[in-house]
Amino acid sequence: MAGERYHAFHARSLAERDSFWTEQAQLVDWHRPCARVLDYSRPPFAQWFVGGETNLCHNAVDRHLAARADQPALVWISTEVDRRATYSYRELHAEVNRAAAMMRALGVGLGDRVLIYMPMVPEAAFAMLACARIGAIHSVVFGGFAAHSLASRIDDARPKLIVSADGGMRAGKAVPYKPLLDEAIARAQSKPDRVLLVDRGVDPGAQRVPGRDVDWAALRAQHLDAQVPVTWLESSAPSYILYTSGTTGKPKGVQRDTGGYAVALAASMKHIYCGNAGETMFTTSDIGWVVGHSYIIYGPLIAGMTSVMYEGTPIRPDAGIWWKIVQDQRVNVMFSAPTAIRVLKKQDPAFLTRYDLSSLRHLFLAGEPLDESTHVWISEALKKPVIDHYWQTETGWPILTAAPGVERTPIKFGSPSFVAYGYDLRLLREADASECGTGEKGVVAIVPPLPPGVMSTIWGDDERFVKTYFDTFRTRQVYSTFDWGIRDADGYFFILGRTDDVINVAGHRLGTREIEEAVSAHPNVAEVAVVGVADQLKGQMPLAFAVAKDAAKVATAEGRAAQEKEVMQTVDRLLGAIARPSRVHFVSALPKTRSGKLLRRSIQALAEGRDPGDLTTIEDPTALEQIRAALGAK
Ligand code: AMP
């Protein structure tokens with residue numbers, strides 16, 4: 001049977017958990033070996049490699065100096081500013097030491113938080129690794145987020161230092177960061193002591209705040225020969241916080257440990273990605289997302305690979321740019337997202353045959369559902385295995401995947417294959433937490449303890465961690481992914497979408513509540529419902545239905561258009577353009593149940609041209625009629 005070897009590997013990871021993970025732990029360096037593989041005395045909190053001491057920066061950088069100091073560690077390519085730079089492991093080590101010394105000089109110490117709000121520039125990688133080196137906890141915030149999102153993350157993480165830049169570049173246009181950052185700091189209750197700024201020369205108007213803002217280049221010049229010893233950390237010490245959206249307005253700070261994460265990534269590089277030391281990995285994500293943390297920075301470097309860090313879009317200067325990078329850099333492992341492939345699918349297919357892709361072994365895709373036709377298209381175009389795999393910010397590495405490093409199993413289009421080793425995954429019936437049969441849709445759940453590398457808690461809020469993830473079923477304490485899934489007769493899984501109201505735009509998770517709050521910040525919005533609607537390119541797009549406070553302002557088509565534009569600008573300003581609804585329709589009432597609950601699912605169904613479902617509890621049926629009319633539906 002296909003997959004037999006892999007299934008045995010998976011079974012062993014659960015049945016002989018300690019010996020399995022002890023073996024995987026050999027893939028990284030330990031300053032002190034662990035006393036116990038797992039401490040699960042306080043369910044559902046799991047502590048991996050208890051008593052062990054290690055350091056992510058040592059594993060990603062220092063330990064490679066002996067064998068591969070002159071090998072490129074980081075290749076930075078920017079089609080935005082038309083520049084590239086290569087850093088060998090020796091050079092990366094020097095830059096990380098400088099950055100670590102700079103942080104120390106700015107008062108950052110063990111356990112302090114450093115917020116990194118950066119475009120895709122090498123300094124972002126140096127800053128992350130420098131934090132890891134000195135035991136500071138980084139909180140990287142995606143550069144596309146605006147002041148409000150940033151301010152809420154500043155207040156939650158309370159960073160001592162913020163590392164940022166004058167601006168980013170997007171499709172050839174400068175995107176200033178500094179004004180957003182200044183606005184966010186002004187809004188935040190908790191103020192950072194210092195702001196360290198990389199001046200890229202993309203925003204000459206960027207202003208410095210005297211006494212607070214420090215120039216990266218100037219400070220670096222004072223620390224050129226810095227040698228900052230690695231701070232050895234207990235395995236459970238937090239390495240970073242990464243915020244993600246849920247159903248509430250308040251983003252959750254996913255907290256990751258140190259030792260478990262290092263081991264999980266090292267093991268995934270071997271068993272899943274098949275990335276070997278001396279080879280090259282190209283992950284097209286952004287450092288602001290979990291994929292960027294795990295597979296632009298830590299994973300490939302821990303494995304001793306060369307990591308390609310790319311600033312730009314997939315279609316500039318033309319749609320062949322990524323394949324040219326694969327050819328020129330001899331990329332062996334590539335990792336991207338379905339949306340990007342859907343973008344490429346609309347371009348001239350000749351771009352895919354123009355370059356020598358012989359070095360490429362696999363293309364991995366994740367972040368959102370990969371539709372079957374895109375999966376087929378890219379597989380045929382590349383003539384390489386294209387592996388869909390499924391994971392979340394919370395898990396840090398795949399939950400469902402093929403593991404060609406263990407066994408090359410046949411790919412089923414549209415399926416992220418099997419349960420990753422280490423995960424005791426079940427499909428559960430929503431009603432009573434019993435197990436689903438073959439072909440039956442259920443909630444994708446993980447029986448704890450969660451494997452190494454998966455989040456340890458929500459930053460500063462253990463109770464919220466338990467409540468959010470482990471409270472779905474009354475009878476059973478299991479981790480809910482909030483995704484629906486199904487398993488076919490051959491044991492392959494399929495993900496069928498979220499069980500909650502989270503929207504996934506181009507692989508980026510956005511909470512409906514967050515967007516609703518931003519829309520409501522517009523002075524003329526009394527009430528709003530935001531739903532995620534299927535989109536050909538981006539997977540989903542937010543769509544808003546708002547009730548105006550002053551109905552006169554939306555009485556005419558011109559009035560509605562002007563108000564819609566203003567609402568969109570409000571969302572851009574508060575959350576960033578990534579969260580902007582595709583449309584804002586004005587209605588006089590929103591469909592709700594008699595108990596006042598918004599019927600988001602019904603709105604969503606109408607917007608997608610589906611049956612709105614059971615409406616017996618609706619308070620005012622005309623509200624749904626208005627939605628229908630606004631959508632131009634029959
Ligand atoms: P994020 O934490 O932002 O990466 O979002 C994680 C969510 O994205 C998951 O809970 C799924 O809803 C979705 N997702 C990620 N990867 C896949 C995939 N391969 N197939 C289907 N959905 C996915």
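Start at 1 and go down the list; that is how both ligands and their atoms are numbered. Just so you know, residue 1 is the first one in the sequence shown, and it goes up from there.
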query = For Gly367, is the nearest heavy atom under 4.0 Å from an atom of ligand 1?
reply = yes

message = Heavy-atom pairs closer than 4.0 Å: do any link ligand 1 to the side chain of Leu365, the backbone, both, or neither?
response = neither

message = Please report whether the ring centroid of Trp397 lies less than 6.0 Å from that of Phe364.
response = no

query = Under 6.0 Å between the ring centres of Phe493 and Phe418?
reply = no

request  = Say whether Arg498, considering both its backbone and side-chain N or O atoms, lies within less than 3.5 Å of an N or O atom on ligand 1.
outcome  = yes

query = Looking only at N/O atoms, are Asp483 and ligand 1 under 3.5 Å apart anywhere?
reply = yes

ask   = Which atoms of ligand 1 are found less than 4.0 Å from any heavy atom of Thr393?
value = 1 (P), 2 (O), 3 (O), 4 (O)

query = Under the 6.0 Å and 45° cation-pi test, does Arg498 pair with Phe482?
reply = no

request  = Establish, for the pair Arg487 and Phe494, whether the NZ or CZ atom is under 6.0 angstrom from the six-membered ring centre and no further than 45 degrees off its axis.
outcome  = no

ask   = Taking only heavy atoms of Ile495, which atoms of ligand 1 are found under 4.0 Å from at least one of them?
value = 21 (C), 22 (N)

message = Ring centres under 6.0 Å, that's the criterion: do Tyr117 and Tyr177 meet it?
response = yes

request  = Would you mind telling me if ligand 1 is within reach of the side chain of Pro369, the backbone, both or neither, using heavy atoms under 4.0 Å?
outcome  = both

query = Any idea which atoms of ligand 1 are less than 4.0 Å away from a heavy-atom of Asn504?
reply = 8 (O), 13 (C)

request  = Would you check if the side chain of Asp488 reaches a backbone N or O of Asp490 as a donor-acceptor pair within less than 3.5 Å?
outcome  = yes

message = Ignoring hydrogens and geometry beyond distance, is a side-chain donor-acceptor pair present between Ser245 and Arg509 at under 3.5 Å?
response = no

remark   = Ranking Arg509, Glu368, Glu394, His389 by closest non-hydrogen atom to atom 5 (O) of ligand 1, top hit is Arg509

message = Can you name the atoms of ligand 1, numbered from 1 with element, that are less than 4.0 Å from a heavy atom of Trp391?
response = 6 (C), 9 (C), 15 (C), 16 (N)

